[in-house]
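Reading through the structure tokens given below for one structure.
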Protein chains: 2
Amino acid sequence: MPRDSTETRRRLLAAADALFYGDGIRSVGVDAVAQKAGVTKRTLYYHFASKDDLVAAYLDGRDVPTLGRYQELIADSAEPVVQRVRRIFEHLKASAKSPRWRGCSFVRAAAEFAGSPGHPARVAASRHKKRFESWLAELLIAEGTADAASLARQVMILFDGAVTQILIHRDPSYADAAGAAAARLLSMRSAQHEAATSVSPP
Amino acid sequence: MPRDSTETRRRLLAAADALFYGDGIRSVGVDAVAQKAGVTKRTLYYHFASKDDLVAAYLDGRDVPTLGRYQELIADSAEPVVQRVRRIFEHLKASAKSPRWRGCSFVRAAAEFAGSPGHPARVAASRHKKRFESWLAELLIAEGTADAASLARQVMILFDGAVTQILIHRDPSYADAAGAAAARLLSMRSAQHEAATSVSPP
DNA sequence: GTCTATATGCCGATAGAC
DNA sequence: GTCTATCGGCATATAGAC
């Protein structure tokens, strides 16, 4: 008998999220996803055309919440931009301390499908990281930071570098080093910016 | 008839390296490795106890050459440390332009086995990155840089962050942003160091 | 040390009933 | 929309001949 279709789909996605993020995409079969969702494989293939289709939905489902968590973190803050950016790295450090933390789902997907340039997972990963970098740039622009685009890119690199090192060494303290580097790059620029603007006032 | 055993092993490792680095570890079967090496699966299992054993040998075989390439790159140079570090990122950018470049084998292995903390691939990845970071620290110490350990870690984070972003976006220019950030962090410190030391002379 | 042949099980994906 | 049953293929690993 037909149950609620959207509810079934939601449970399939929740199962896929837990299993793909926990153990990796290629190491998890569609059997396991269907079983965890409490349906048969045939039902999974009713809701998703292929495993790749399910993988794409899994990553798409992580895009907005992942970035959103960082956006909420510093939205309600009147702190200067240097402190806001430091909070991003503090949040990363705290997240990484969870025993269920397994790094960045998008980076890991791109790594797993490094040999398949056009794979939906690669497309989703690139799109998410571009959105993250653009958000950082807007953050710096709003603060009147000079060279915001370049600095946002450097902070993005520090962020993913820290995530990678934490995953490899299982040591969240790499977030401290990355946060300190980001703060130093930003305060250098801020200092230059202040120096440049403090010349003009009457 | 028994051929040269070490030669057979070498060819198995060469085949494993090409296939694992090209397509990923989990997506390549031992059948494909044996076939590319020109032997049967049974011979592969004579030389390696398991696929995990072969994977560990694959990564161990990349440890020394990978770091060695960067060491040779700046060993014969009398440039200041800032320029030497920039050359690391320039080399990364040049490497990433090759169509066969697929990011860092150690990062990708750690990503594939993120759900298996004790896996041999994870151990090999952590060991390699520690060696890389230690080498960077020695480089800075030799130059008399203050806070060499912290800066080496930050350069390491920038390096792996750049590798990751390049892989995700297929855009080697991320190496420029990372190199510029590293140079700025180092020149800040160098400036402080010079300022601190230029006070003492008579 | 290398071979042929095979054990055993999971892979993604599908047929057809209800 | 969900089910039972199954397809053909490939996974890691092994038995036993030479």
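Chain naming here is simple, since letters A, B, ... match the order of the sequence lines and numbering starts at 1 in each.
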> Taking the side chain of B/D31 as heavy atoms from C-beta outward, which of D/dA11, C/dC3, C/dA13 is closest to it?
Replying inline: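 Minimum distance to the B/D31 side chain belongs to D/dA11.
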Would you call [X]-[Y] a salt bridge at under 4.0 Å N-O?
| X | Y | result |
| --- | --- | --- |
| A/R10 | A/E7 | yes |
| A/R26 | B/E112 | no |
| B/E79 | B/R87 | yes |

Report each atom pair, protein N/O against N/O of nucleotides 16-18 of chain C, whose distance is under 3.5 angstrom.
unit_1 : atom_1 : unit_2 : atom_2 : d
C/dG16 : O6     : A/R42  : NE     : 3.4

> Is the shortest side-chain N/O distance from A/T40 to OP1 or OP2 of D/dC3 below 4.0 Å?
Replying inline: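 True: A/T40 side-chain N/O within range (under 4.0 Å) of D/dC3 OP1/OP2.
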> Is the distance from OP1 or OP2 of C/dG1 to the nearest side-chain N or O of B/T8 less than 4.0 Å?
Replying inline: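 For C/dG1, neither OP1 nor OP2 has a side-chain N or O of B/T8 closer than 4.0 Å.
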> Tell me, which of residues 45-54 of chain A have any heavy atom that sits under 4.0 Å from an atom in DNA chain C?
Replying inline: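 Close to the strand are A/Y45, A/S50, A/K51.
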> Under 4.0 angstrom, heavy atoms only, what part of the nucleic acid is A/V28 near: base, sugar-phosphate, or nothing?
Replying inline: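 If one applies the 4.0 Å heavy-atom cut-off, A/V28 turns out to touch the sugar-phosphate alone, with no base involved.
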>> Ring of B/Y174, cation from A/R153 - is the NZ or CZ under 6.0 Å from the centre and inside 45° of the axis?
In response: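 Yes - A/R153 lies over the ring of B/Y174, closer than 6.0 Å to its centre and within 45° of its axis.
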> Taking the six-membered ring of A/Y21, is NZ or CZ of A/R62 closer than 6.0 Å to its centre and within 45° of its axis?
Replying inline: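 Geometry flag: set, cation within 6.0 Å and 45°.
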> Listed in order of residue number, which residues of residues 20-27 of chain B have a non-hydrogen atom at under 4.0 Å from DNA chain D?
Replying inline: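 The answer is none.
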> Just how far, in rounded Å, is C1' of D/dC3 from CG of A/L44?
Replying inline: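 It works out to 14 Å between those atoms.
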> Name the one of B/D53, B/V33, B/T43 that satisfies side chain to side chain contact (heavy atoms under 4.5 Å, CB included) with B/F48?
Replying inline: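 Exactly one pass, corresponding to B/D53.
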